[in-house]
Structures are given as C-alpha cells and as structure tokens.
Amino acid sequence: MRGRQVGARYSAFGLLRRGLTRRDWPPAWRHHELARTYDVVIVGAGVHGLATAYYLASRHGITNVAVLDKAYLGGGGSGRNTAIIRSNYLTPDGVRFYDRSVRLYESLAAELNFNVMFSQRGHLTLAHNDGSLRTMRWRAEVNKLSGVDSEVIGPADIKRLVPYLDVSPETRYPILGALYHPPGGTIRHDAVNWGYARAADALGVQIHQNTEVTGIDARDGRVQGVQTTRGAISAPIVVNCTAGWSSLVAALAGVRLPISTHPLQAAVTEPVKMFLRTVVVSGTLHVYVSQTDRGELVFGASTDPYPSYSMRGTLEFTEELAGHVLALMPSIAKLRLLRQWAGLCDMTPDFSPIMGITPVEGFLLDVGWGTYGFKAGPVAGEAMAELIATGKTPEIISAFDLARFAEGRLVGEKGAAAVGH
Ligand code: PYC
C-alpha cells in the first residue's frame, strides 16, 4: 500500500478547479479526541515521528497510531534546521544509512503527492588545511565504495562551481580543495513535515499537537503507556522521536542516554538574485551557506559551546558568522540579515544517532541526532516502522544501538560534521 490518499489530491488541474469553483481545500490533517489506547504512541511530531507513523501505516498497515507533540507539528528541529541533505559521511554505516535517506527523499514528492522541493544542487565541503584535505579524501573513498557520488576537487573546479568564492592563495584561510558531492542539496523542510503528516493522517494515523508527555508508565520491565497533559494513554509500544528533549523523555521511562543538548543557531538574509547554486560548507570557519529558491542566503554555524535548552539567538553568533562568511565571499558585505533563530541538538559522544530497543521492553529510541537529524528523517522512519512491525532491528540501524556505548562500539562521525564543534 503506497501513499494512498483519502484527502484531496494535489494537482495543477485541482488547483485550477478549486480556483474557479472557489472551493477550499480540505485540512491537510484532522483534529481528533485523544483515545485511551493505541497500538503505537510516538512522542514528537517532527520529521522522524511523522515519517515513522507514515511508514507504519503505508508499509505495514499499522494505523492505530498516535503522534504526540507538546507544541506544534514540525516546530522543533524539523522546522529549524538549514534543510541540507547529503550522504557524504565518514563511516560505512553512516554512508549507507544517509544514502538510503537521500534515495527516499528523491521520490518523496511523488510518493506523498506533496512538492517537497528537493533540489540536488551539489554540496561542497571546503578544506583549508592538509588535515581537512586528508579527511575529505578518506570520506570520498568510503563514499565511492558505497556507491555514493563524492570526489575531491581543486580550487579551479571550486571556482567554476562557485564563482563568488575567494579561492586566491592570499586569503586568510586559503581553500586547498573540497569534497564535492553532487547528489547533496537542499529541501523545503516544512513541506516534508506537512507532506508526511498529511499522508499519515489520510491513512488513519492521529496527530495530536499541544499534547505533552509528562510520564511514561513501565511495569516489570515493560512499557505500559504514557501520561499526557490530556490524560493517560495505554500502548504496548512507545517511541521516543524527540530532538532537544530526548534525554528528558527517555528519563521518564528510567532510561539514561549519553546525550548533551546544545543550541545551534542559523540566520537568513534578504533575498537577492540567484548567484549561489551549490551548498558551501567550511568546517574550519564554522559556517555553511545555501541560497533558497526565493533568493535568501541561509547560514548556519556550529553548535553553541555550552549545553542549554535556550532557543534564543545571540549577538556573538551573528558577529562571528559575518566575519567567517566574509572571509569566504567578501563581495556579499552589503547583504543584510533578516532573521536569526536557534534549534536544539542532542549530541552523542560519537556524533551518530541512538536507534532501537532499550532495557524497557516496548520503549524504543530514535534520538541523538546532533546536527544531522533532518537528513535522516525518511530512513529513520522507514527503519523504526520496520522494527515496530517485525520486532527485529533492521540491519541498516543495527550499528546505532544504545548498547554500543557500554560495549565500546562507537560509530565515529565527527569527521563528517558540516562544521567543527
Ligand atoms: O551536517 O550537513 C550537515 C549540517 C548542516 C547543518 C547542520 N549540519
């Protein structure tokens, strides 16, 4: 059963018909009374929770599912990230996993009947020193072995791709080369959240916004359900798909996670004529930039260096960002910033996620996404749905289990982070 829609189908013809007849579109998802029992309760209505619900319903026919969120759908990391998609990771486990996500993203608009504006415009990670260049070469080789398109290119090719970059050797941070990853790009993150929500709703999943989980009930080592601000729910499966608060939600079930939470700030400029096609990342300068279809430049940085749950922007961030961006592209000095914001990143010791079972039977994890969460939404949802439906951990996530921290099997992805942390 693939992407069956019970709501209105979106099409150019439908748009014309509704324009002419002045008939409203039906709501993309419905409001429901909270039931007292579900087969699966998913905590967090971001891309991970919604994708898990959608694949449970569409691939496995499991529809008695509630997705709960303490605020509004897609209002956490899923609506605050800088919408970069890529699979040029460092470890074979990471590359294989994120590559599956890129492939799911490629067909997502057609599957969900929702334009998610995935633009595979290419992704460049700049190397400003020999150490970075060595890591880029290593990543390129691991990528190629997994069939992922990545290669190291030199300053002349970089200049051809991004003419406004200063690649001269006289700059303070000379560009020695870059990891070029053509399938990488950007997506419209809200559209992904809304598309999954609409498709999951159409298949019978219930989405409950403004419904905070305040307790997780476990008895004899097994989950029984959750307490919420709208009452108790019993369920044999509870999935923690939160970001930013994942260690607090896990603690409600008595599960301790090796996670510290840090804000990550981002900013957007006024729109200008298109001049930057490729996504550009500099780990050394702690900056990544892409241009939206509307013409704004979207900038991000590394995580703030202190743990916090604050989602406020800081002046230090904008000052540092401006300095670093201008070191790369001096010609945009007159552009004005319009807005800045922050999201929360749950950092794990190895920069890889924590997915799968816990010591509490029925309580599952899809957390610890650091700065990579949005990229993984589709593959994480697909894998979590399979785990729930079959009771078996899919091979593609087996390396990301919670037990690896106690057993010393870390999956080190820090070298593939977009920026230094
Ligand atoms: O890993 O590509 C990345 C990324 C972009 C923004 C934050 N992380």
Side-chain angles (χ1 to χ4, degrees), residues 46-48 76-91 93-95 97-99 101-102 105 118-127 132 135-136 139 142-143 148 150 178-189 192 243-244 261-268 276 278-292 296-305 311 313 317 320-321 324-325 328 340-348 350-353 368-380 411-421:
V47 66
H48 285 254
S78 294
R80 293 165 184 273
N81 62 85
T82 45
I84 295 170
I85 306 295
R86 65 185 176 94
S87 58
N88 56 356
Y89 281 73
L90 180 63
T91 67
D93 290 317
V95 176
F97 178 74
Y98 289 96
D99 181 47
S101 219
V102 169
Y105 268 131
F118 187 22
S119 168
Q120 293 181 282
R121 53 185 62 194
H123 182 284
L124 268 183
T125 313
L126 306 177
S132 307
T135 307
M136 302 306 163
R139 282 169 67 183
V142 177
N143 288 186
V148 167
S150 279
L179 181 66
Y180 180 44
H181 176 48
T186 57
I187 202 158
R188 178 83 166 86
H189 53 197
V192 174
T261 299
H262 293 249
L264 173 56
Q265 300 192 47
V268 66
L276 179 64
T278 316
V279 180
V280 178
V281 176
S282 166
T284 305
L285 290 171
H286 303 288
V287 69
Y288 34 92
V289 53
S290 66
Q291 189 168 19
T292 69
E296 304 129 330
L297 294 186
V298 180
F299 296 117
S302 51
T303 53
D304 287 347
M311 286 194 280
F317 160 76
E320 276 189 19
L321 178 77
H324 290 160
V325 166
L328 290 176
Q340 71 183 101
W341 66 94
L344 298 179
C345 297
D346 289 336
M347 308 304 294
T348 60
D350 59 0
F351 284 56
S352 285
W369 288 101
T371 60
Y372 305 145
F374 200 80
K375 303 166 203 354
V379 64
V411 187
E413 280 293 359
K414 187 166 184 182
V419 282
H421 288 275

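First listed ligand is number 1; within each ligand, the first listed atom is number 1.
Taking the six-membered ring wherever Trp is involved, the centroid distance between the rings of Y89 and Y372 falls below 6.0 Å.
Atoms of ligand 1 lying under 4.0 Å from any heavy atom of A418, numbered from 1 in the order shown and given with element: 1 (O), 2 (O), 3 (C), 4 (C), 5 (C), 8 (N). Interface atoms of ligand 1 facing K375, defined by a heavy-atom separation under 4.0 Å, are 1 (O), 2 (O), 3 (C), 4 (C), 5 (C). Those atoms of ligand 1 that come under 4.0 Å of a heavy atom in Y372, given as number and element, are 1 (O).
Not one N or O on the side chain of Y98 forms a donor-acceptor pair closer than 3.5 Å with the backbone of N88.
Nearest heavy-atom pair, L90 versus R139, reported as atom, atom and distance to 0.1 Å: CD1-CG, 3.5 Å.
Scanning the protein for heavy atoms near atom 8 (N) of ligand 1, the closest one is T371 O, 3.0 Å. If you check which protein heavy atom lies closest to atom 1 (O) of ligand 1, you get R86 NH2, 2.6 Å.
Considering backbone and side-chain N/O atoms, T82 never comes within less than 3.5 Å of an N/O atom of ligand 1.
Between the side chains of H189 and N81, at least one donor N or O lies within less than 3.5 Å of an accepting N or O.
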Test side-chain contact (heavy atoms from CB on, under 4.5 Å) on D346 and W369 and set out the steps.
-> CA-CA 6 Å; D346 289 336; W369 288 101; over 6 Å; no
